[in-house]
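All heavy atoms count here, side chains included; hydrogens, waters and symmetry mates do not. Order of appearance sets the numbers: ligands from 1, and atoms from 1 within every ligand.
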Amino acid sequence: MSEFRSFDRMFRLDGKVALVTGGSRGIGLHTATAFLLAGAKKVFISARKHEGDQGIDQAVEKLNKLGVSGKAVGIAANVADTDDIARLVKEVQKTDNKLDILVCNAGATWGGPFEPTPDWSSKKVLDLNVRGVFNLARLFTPLLEMAGTRQDPSRIVIVSSTAGVTVPHVGDHGTIMYSVSKAAAHHLSRQLAVELGPRNITTNTVAPGFFPSKLANGLIEILGGEKELNDWNPRKRLGEPEDIAGVMVYLCSRAGSYVNGEDICVDGGVRYAQGRQSKL
Ligand SMILES: NC(=O)c1ccc[n+]([C@@H]2O[C@H](COP(=O)([O-])OP(=O)(O)OC[C@H]3O[C@@H](n4cnc5c(N)ncnc54)[C@H](OP(=O)(O)O)[C@@H]3O)[C@@H](O)[C@H]2O)c1
């Protein structure tokens, strides 16, 4: 028989403190929910806006009604802005002197034809999806280092996209710089894996396919709608909240503690599907 230490806690996050950027809705909110349900003590969620039906406050309210002992705390910050990231670190430090899990999830996209691409759109996408993620990792490293041990490292998870490993959209609705930013995020994660691994911090990338969200819904419609995309996908559906929950809890619990520098695509395998199976 193999001797596993605490197999029953393999996928648990009891006592952990996490920060999820872009945690007010979509994939970030799925992640924050999963962390609290898996036993996390506290989950900070951050986004730019407190108010409104997509803002931080409504998300914190929902998270704090999950009926678990862990608590959600909202902090507004623009994580494309380095000064604001530094302020976010200070806000976390007001109550916590260590951070176990950092999920760099907030992201921006822009789509349109190639030649008229406005320069601001490339700057916006790269500032948030690449430079912002680099600075989040860099400025939170002291707090992450305080939490990590050889046996149980602290975790950085970067939410990238399958757009980082494919060429998904060109032409009128092309997303070239988004795709480039996500490819950069993959390589940033490998760099951080080697830079921070010895300091007991692992870094991995989660690359979703289509999950209905404010960011994705427009593109889902342009591509023919949910039914069309379901048909195209080998699993015959789009991503669901549980699909994100599973991979996030895996990477951030004991189960994922020796995984470092990996990209995990969560797309039902659709990036490998060159044709439409239904038409074969
Ligand atoms: N949904 C998909 O199909 C899909 C597929 C592949 C990859 N992804 C990636 O998954 C991540 C989350 O996307 P999503 O679909 O969940 O999008 P979403 O529902 O639009 O949520 C985006 C979140 O990021 C926050 N945010 C945006 N800009 C920010 C900034 N500058 N500073 C701080 N927070 C900011 C938003 O809140 P505020 O607007 O209030 O700031 C919101 O909480 C992104 O990195 C995206 O590229 C999504």
Is it the side chain, the backbone, both or neither of Ala77 that has a heavy atom closer than 4.0 Å to ligand 1?
backbone
Any side-chain heavy atom of Val73 sitting closer than 4.5 Å to one from Val43?
no
Around atom 23 (C) of ligand 1, find the nearest protein heavy atom and jot down its residue, atom name and distance.
Gly22 CA, 3.5 Å
Provide, to 0.1 Å, the distance between atom 46 (C) of ligand 1 and the closest protein heavy atom, together with that atom's residue and name.
Tyr178 OH, 3.6 Å
Thr21: heavy atom below 4.0 Å from ligand 1, yes or no?
no
Would you say the side chain of Ile56 lies within less than 4.5 Å of the side chain of Lys49, judging by non-hydrogen atoms?
no
Would you kindly specify which portion of Leu128 sits under 4.0 Å from ligand 1, judged on non-hydrogen atoms: side chain, backbone, both or neither?
side chain
Quick one: do Asp263 and Arg190 make a salt bridge, cutoff under 4.0 Å?
yes
Among Arg25, Arg48, Lys124, which residue places a heavy atom closest to atom 36 (C) of ligand 1?
Arg25
Does the N or O separation between Ser46 and ligand 1 drop below 3.5 Å for any pair?
no
For ligand 1, which atoms have a heavy atom of Phe210 less than 4.0 angstrom away?
3 (O)
One pair to check against side chain to side chain contact (heavy atoms under 4.5 Å, CB included): Arg271 and Val165. What are the steps and the verdict?
CA-CA 8 Å; Arg271 71 197 178 287; Val165 291; 4.1 Å; yes
Closest non-hydrogen protein atom to atom 14 (P) of ligand 1, residue and atom name please, with distance?
Ser213 OG, 3.6 Å
Check: Glu221 and Glu226 side chains under 4.5 Å, non-hydrogen atoms
no
Heavy-atom proximity to atom 9 (C) of ligand 1, best of Ala108, Ala185, Ser160, Gly23:
Ser160
As an exercise, identify every atom of ligand 1 less than 4.0 angstrom from a heavy atom of Gly107.
44 (C), 45 (O)
Show which atoms of ligand 1 fall inside a sub-4.0 Å distance from at least one heavy-atom site of Asn78.
30 (C), 31 (N), 32 (N)
Among Val20, Val79, Asn105, Thr109, whose heavy atom sits nearest atom 45 (O) of ligand 1?
Asn105
What residue and atom, counting heavy atoms only, is the protein's closest point to atom 35 (C) of ligand 1, and at what distance?
Ala106 CB, 3.6 Å
Residue and atom name of the nearest protein heavy atom (relative to atom 17 (O) of ligand 1), distance in Å to one decimal:
Leu215 CB, 3.3 Å
Judged by non-hydrogen atoms, does Pro212 sit under 4.0 Å from ligand 1?
no
Heavy-atom check, side chain of Val157 versus side chain of Asn105, under 4.5 Å:
no
Going by the atom numbers of ligand 1, which of them fall below 4.0 Å from some non-hydrogen atom of Ser24?
37 (O), 42 (C), 43 (O)
Who's the nearest protein heavy-atom neighbour of atom 5 (C) of ligand 1, and how far?
Gly209 O, 3.0 Å
Roughly how far apart are Ser2 OG and Phe7 CZ, rounded to 0.5 Å?
10.5 Å
Any heavy atom of Lys182 under 4.0 Å from ligand 1? The part involved is side chain
Salt bridge or not between Asp81 and Arg48? Use side-chain N to carboxylate O under 4.0 Å.
no
Using a strict threshold of under 4.0 Å (side-chain N to carboxylate O), is an ion pair present between Lys16 and Asp14?
no
Which ligand 1 atoms, with their elements, are less than 4.0 angstrom from a heavy-atom of Ala216?
1 (N), 2 (C), 3 (O)
When you compare the side chains of Ser181 and Asn129, does any donor N or O come within less than 3.5 Å of an acceptor on the partner?
yes
Tell me which protein heavy atom sits closest to atom 1 (N) of ligand 1, plus the residue, atom name and distance to 0.1 Å.
Phe211 O, 2.9 Å
Atoms of ligand 1, numbered as shown, that sit under 4.0 Å from any heavy atom of Lys214:
19 (O), 20 (O)
Any side-chain heavy-atom pair from Leu139 and Thr141 closer than 4.5 angstrom?
no
Here the atoms of ligand 1 under 4.0 Å from any heavy atom belonging to Val159 are 9 (C), 10 (O), 11 (C), 45 (O)
At what distance is the nearest protein heavy atom to atom 6 (C) of ligand 1, and which residue and atom is it?
Pro208 O, 3.2 Å
Apply salt bridge (charged side-chain N to carboxylate O under 4.0 Å, His left out) to the pair Lys42 and Asp96, showing each step before the final yes or no.
CA-CA 10 Å; Lys42 190 189 281 186; Asp96 291 83; 2.7 Å; yes
Just by distance, with hydrogens left out, do Ser6 and Arg12 show a side-chain donor and acceptor under 3.5 Å apart?
no
Per-atom contacts of ligand 1 with Ile27, taking only distances under 4.0 Å to non-hydrogen atoms
1 (N), 4 (C), 10 (O), 16 (O), 48 (C)
Salt-bridged, Arg155 to Asp152, with N to O below 4.0 Å?
yes
Electrostatic pair Asp83:Arg87 at N-O distance under 4.0 angstrom
no
